[in-house]
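Here is the structure we will look at, set down as structure tokens.
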Amino acid sequence: MATGAHAAAKVDNPYVGAGVYVNPEWAAKAAAEPGGSAVSSQPTAVWLDRIAAINGSTGSMGLRAHLNAAVSQATAAGKPYVFQVVIYNLPGRDCAALASNGELGPTEIGRYKTDYIDPIAAILADPAYASLRIVTTIEIDSLPNLITNAGGTATATAACDVMKANGNYVTGVGYALAKLGAVSNVYNYIDAGHHGWLGWDSNFTPTANLLLQAANASGSTPANVHGFIVNTANYSTLKEPYFTINDTVGGQSIRGTSKWVDWNRYVDELSYAQAFRAKAVEVGFPSNIGMLIDTSRNGWGGPNRPTGPGPQTSGDAYVDGGRLDRRFQAGNWCNQSGAGLGERPTAAPEAGIDAYVWVKPPGESDGASKAIANDQGKGFDRMCDPTYTGNPRNNNNMSGALPDAPLAGAWFSAQFQELLRNAYPPVGGGTSDTTAPSVPSGLVASSVTASGLTLGWTASTDNVGVTGYQVFRNGVQVGTSATTSYADSGLTAATAYSYTVKARDAAGNVSAASAALSVTTSAGTSDTTAPSVPAGLVASNVTASGLTLGWTASTDNVGVTGYQVFRNGVQVGTSTGTSYADSGLTAATAYSYTVKARDAAGNVSAASAALSVTTSTGGGTGNVGCAATYKVSSDWGAGFNADVTVTNTGTAATKSWKVTWTWPGNQQVTNLWNGTVSQSGSSVSVVNAGYNGAIGTGGSTSFGFGASYSGSNSAPTLSCTAS
């Protein structure tokens, strides 16, 4: 066996400056397909989806054989190499998707440890592989299932309820992290679902907290987690260029008017991954945590790929006409028709993203489209049947699956050809373009500070068209841009950096690097002086449900960057100017407002003098009234999520509403969506957001929240008032 060319010292991003192992078994299958040689040299992960896969079998490489091949590839390349392996064999695996059920029963946590994780850890710890950077993907789909498919949710399954109750998902993930994390050259990434699964406020923070719980289970610590991976073996688009979550149609947010968005806070995987990284740090993971995005099957190219926004006739028309993701619903996961290969594996493509990776080898089936007897524990899931009309987990949409699919993990030629045909950026079979763009020129820097700067350059040209630029700092790619500028941040004061830029076209051709530009950041500042206190706070345009605040600008020794606005002691918004429009208020109600100023260094002034404002009594004809109902959607012992439905019980449309209650125990609201909350002791008050105060006669809206508690979790009695 060859010896590695480099010692694999632990690094912040294992993909930077390294090659990535090309699985020869997958490469051979891909190359045998018509047009497949265009991608057969791409790196993909090795899946250990059963105990027998560790040692392999006749005609199938085991873990040691793959590692030996990776060492040989690293030696031949003369540089560090990443070896990607999927750890995927939890007891009661994938409790909500039968196609990927595994060999171990729900209670076989002992076998998982001794027969599966321990042998893998022993092999990875062999000094023969010390030169490799071994990246693990830890147990896809397991922990996300406990968030959405267990504990009384509308999409709960009996199998997921069992796994939540026995704790073996959390125990098993923690054990894998501890054992594998003890190997010095292993980088563990936990699966964190995807935006179409966990992007809702009710799922997002609970997921981060659950992953932290697993990271502290079975003797593990968060130090064993190098990062998270999203979109594993899934199809969610990397970027949606033609709409954002902040767009409105006809004055209404697309969050509420598009069935595809359906109140989700994220519309693509990049925004979800970057936000999830920030949330993970917030709940207690290390600040240098990294993210991976599986782009193996989320290209969505082909002739039906949109080229601009949809029409502004309705929220559905606008989003459906412009979205790249062409699935019937974001919950569809099995062998999707129309899908294509996505971005090729790339190191450090965006801020906070360690790499785009191909963890799911394109061409390997997600599941059989009909029942097939097997000895691998894999069941038949109707979501893999193209005639299936759906279930609550995909809002009862058609499955969108390809026909005649084999068992999960088996080679599916029709799927590979579908992915190749619809690839974006296109591959060799989809374009004859082999001409790279011209080299970017005229690289300059502006707005140079102690921690950041803005780069600009002259646009490149191409025989077909330039699609973007790659930006490199000191030879390492730090980001991309679709325009001719890029803002870099997180730099060190009084430090010289060398920048280059490359241009890229839709076919994946990349130009040579621009001439290098050396830039030295400024010496920084020791600014510790807070701005002056905002003064002259006044209110205008006071109605039954809103008002506008104004104040005199603060001063600062460097400069004021914005203001924080507080209502009844709770921050409700920010402003870069000296005014703020507040909405969603209750008629004939007194509110107390204060404002604080903030500068670029993060210094915050003291609060302004408080201003008390009472909203008007409202008007119109008819009686207004409302009722509120309360339902716990999930409860994990130390915390829970709840949903509240507000119904208009009057004879006229409401302009605003307010729900109040007193907790019977020690419950504390930790986060809330679709409203504004304040809690004092056990008393809670929630008023509508700006977009859901108006409820037609007989209509309803809802809000939800997460909360913590200890002891009992009895339901409160809710009161509702409307104007």
Worksheet, complete the sentence: side-chain hydrogen bond (donor to acceptor under 3.5 Å, both in side chains) filter on T136, not counting sequence neighbours, yields N188

Worksheet entry | side-chain hydrogen bond (donor to acceptor under 3.5 Å, both in side chains) pairs, two or more places apart, involving residues 15-30 | Y15-Q84, Y21-H66, E25-H66

Item to complete: Could you tell me the separation between the CD1 atom of I293 and the CG atom of N298, rounded to the nearest 0.5 Å?
Response: 8.5 Å

Worksheet item: Does one side chain, of Q274 or E350, offer a donor that lies under 3.5 Å from an acceptor on the other?
Response: no

Worksheet item: Considering residues at least two apart in sequence or located in another chain, which fulfil the ring pair (Phe, Tyr, Trp, His ring centres under 6.0 Å) criterion with W300?
Response: none

Practice prompt. Any chance you could measure I134, atom CD1, to L124, atom CG, to the nearest 0.5 Å?
Written response: 4.5 Å

Worksheet entry | Lys/Arg N to Asp/Glu carboxylate O, R504 vs E343, below 4.0 Å | yes

Response to the item:
Applied to residues 279-298, the ring pair (Phe, Tyr, Trp, His ring centres under 6.0 Å) test, sequence neighbours excluded, yields F228-F285

Worksheet item: Quick one: does NZ or CZ of R344 land under 6.0 Å from the six-membered ring centre of Y356, within 45 degrees of the ring axis?
Response: no

Worksheet item: Quick one: does L211's side chain get under 4.5 Å of L143's, heavy atoms only?
Response: yes

Worksheet item: Can we say D294 and K360 salt-bridge, meaning some charged N sits less than 4.0 Å from an Asp/Glu carboxylate O?
Response: no

Fill in: Least distance between heavy atoms, T492 atom then Y497 atom
N-OH, 2.9 Å

Worksheet item: N603 side chain to D599 main-chain N or O, any donor-acceptor pair under 3.5 Å?
Response: no

Item to complete: Can you see which heavy atom on L455 is nearest to which on L443, and at what distance?
Response: CB-CD1, 4.4 Å

Worksheet entry | Ring-ring centroid check F204 F276, cutoff 6.0 Å | yes

Discussion item. My understanding is that only residues two or more places apart in sequence, or in another chain, count here; which of them pass salt bridge (charged side-chain N to carboxylate O under 4.0 Å, His left out) with R326?
Written reply: none

Discussion item. Using ring centroids (six-membered ring only for Trp), state whether Y272 and H194 fall under 6.0 Å.
Written reply: no

Discussion item. Just to verify, which of E418, R297, Q415 counts as forming a side-chain hydrogen bond (donor to acceptor under 3.5 Å, both in side chains) with N335?
Written reply: Q415

Worksheet item: Do W457 and Y469 have ring centres separated by under 6.0 Å?
Response: yes

Discussion item. Could you check whether N203 and T207, counting side-chain N and O atoms only, form a donor-acceptor pair closer than 3.5 Å?
Written reply: no

Worksheet item: Do R265's NZ or CZ and the ring of W200 fall within the cation-pi criteria of under 6.0 Å and 45°?
Response: no

Worksheet item: Would a line drawn from the ring center of Y266 to the ring center of H195 be shorter than 6.0 Å?
Response: no

Worksheet item: Is there a donor-acceptor pair closer than 3.5 Å between any side-chain N or O of D488 and the backbone N or O of G452?
Response: no

Worksheet item: Under the side-chain hydrogen bond (donor to acceptor under 3.5 Å, both in side chains) test, which residues partner S271, sequence neighbours left out?
Response: D268

Worksheet item: Between T44 and P362, what is the shortest heavy-atom contact and its length?
Response: CG2-CD, 4.2 Å

Worksheet item: What is the minimum heavy-atom distance between G559 and D556, and which atoms define it?
Response: N-OD2, 2.8 Å

